[in-house]
Amino acid sequence: MEKKYGIFYNVEFDTLLITLEKPSSHPEIETKGNITIIKSGDEITGFNIANISDEIVFTPGLISETRKAINFVEQQLRNIYPLTQLPQFVICQVLEIQPIEGTQLKACKVQNNDGVVDVVTAAKNVAVGTLTVMATDGT
């Protein structure tokens, strides 16, 4: 399944925390070996992969965009929940800028790989023609 997901390495517990969706207030869990599956009803909302330093080393913290982490997670979950990480950040070029009256915000049209999209920003250094990094929807 192609999806955006977050990966956080908790070094104190030597565990990767993978978040697919916001869980309900009372998630259910199921364990398969070193993998804990977190569910809300029938929907899987996340996973915890324990004891990962036996196989691989990561820097503590948020590592969602680290290719090594993405490959490791997808390999570990391949038989439980086949997963492919969608890009969360892309390069774009600013095409147009319009100030939003009464605010410090600017409405921009930017070009990325998917076409032209509308973005609102408070960045003071935004300028037409600028190449920048954009978080994609749902990131």
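Residue numbers start at 1 and run along the sequence shown.
Within 6.0 Å of CG on Asp137 lie no more than 12 heavy atoms contributed by other residues, nucleotides or ligands. Counting heavy atoms of neighbouring residues, nucleotides and ligands inside a 6.0 Å radius, atom CD1 of Ile29 does not exceed 12 of them.
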Anything under 3.5 Å between a donor and an acceptor, one on a side chain of residues 97-111, the other on a protein residue two or more places apart or in another chain? List them.
| unit_1 | atom_1 | unit_2 | atom_2 | d |
| --- | --- | --- | --- | --- |
| Thr103 | OG1 | Ile100 | O | 2.8 |
| Thr103 | OG1 | Leu105 | N | 3.0 |
| Lys106 | NZ | Ala123 | O | 3.0 |
| Lys109 | NZ | Asp118 | OD1 | 2.8 |

Show the atom names and distances, to 0.1 Å, of all donor-acceptor pairs under 3.5 Å that link a side chain in residues 40-47 to residues at least two apart or in another chain.
| unit_1 | atom_1 | unit_2 | atom_2 | d |
| --- | --- | --- | --- | --- |
| Ser40 | OG | Ser24 | N | 2.9 |
| Ser40 | OG | Ser24 | OG | 3.2 |
| Thr45 | OG1 | Ile38 | O | 3.3 |

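A donor-acceptor pair shorter than 3.5 Å cannot be found between the side chains of Thr84 and Lys3. A side-chain N or O of Asp14 and one of Ser53 form a donor-acceptor pair less than 3.5 Å apart. Between the side chains of Gln88 and Tyr5, not a single donor N or O lies within less than 3.5 Å of an accepting N or O.
Closest non-hydrogen pair, Thr15 versus Tyr9, comes out as O-CD1, 3.5 Å.
Two different hydrophobic clusters hold Leu17 and Ile63 under the rule that ILVMFWY side chains link at heavy-atom gaps under 4.5 Å. One hydrophobic cluster, built from ILVMFWY side chains closer than 4.5 Å, cannot hold both Leu62 and Val90; they sit in different ones. In this structure, Met1 is a member of the same hydrophobic cluster as Ile49, with clusters built from ILVMFWY side-chain heavy atoms closer than 4.5 Å. Taken together through direct or relayed side-chain contacts under 4.5 Å among Ile, Leu, Val, Met, Phe, Trp and Tyr, Leu16 and Val11 form part of one hydrophobic cluster.
With contacts defined as side-chain heavy-atom distances shorter than 4.5 Å, the pair Met134/Phe89 does not qualify. In this structure, Gln85 and Val73 have side chains that are not in contact, with every pair of non-hydrogen atoms separated by 4.5 Å or more.
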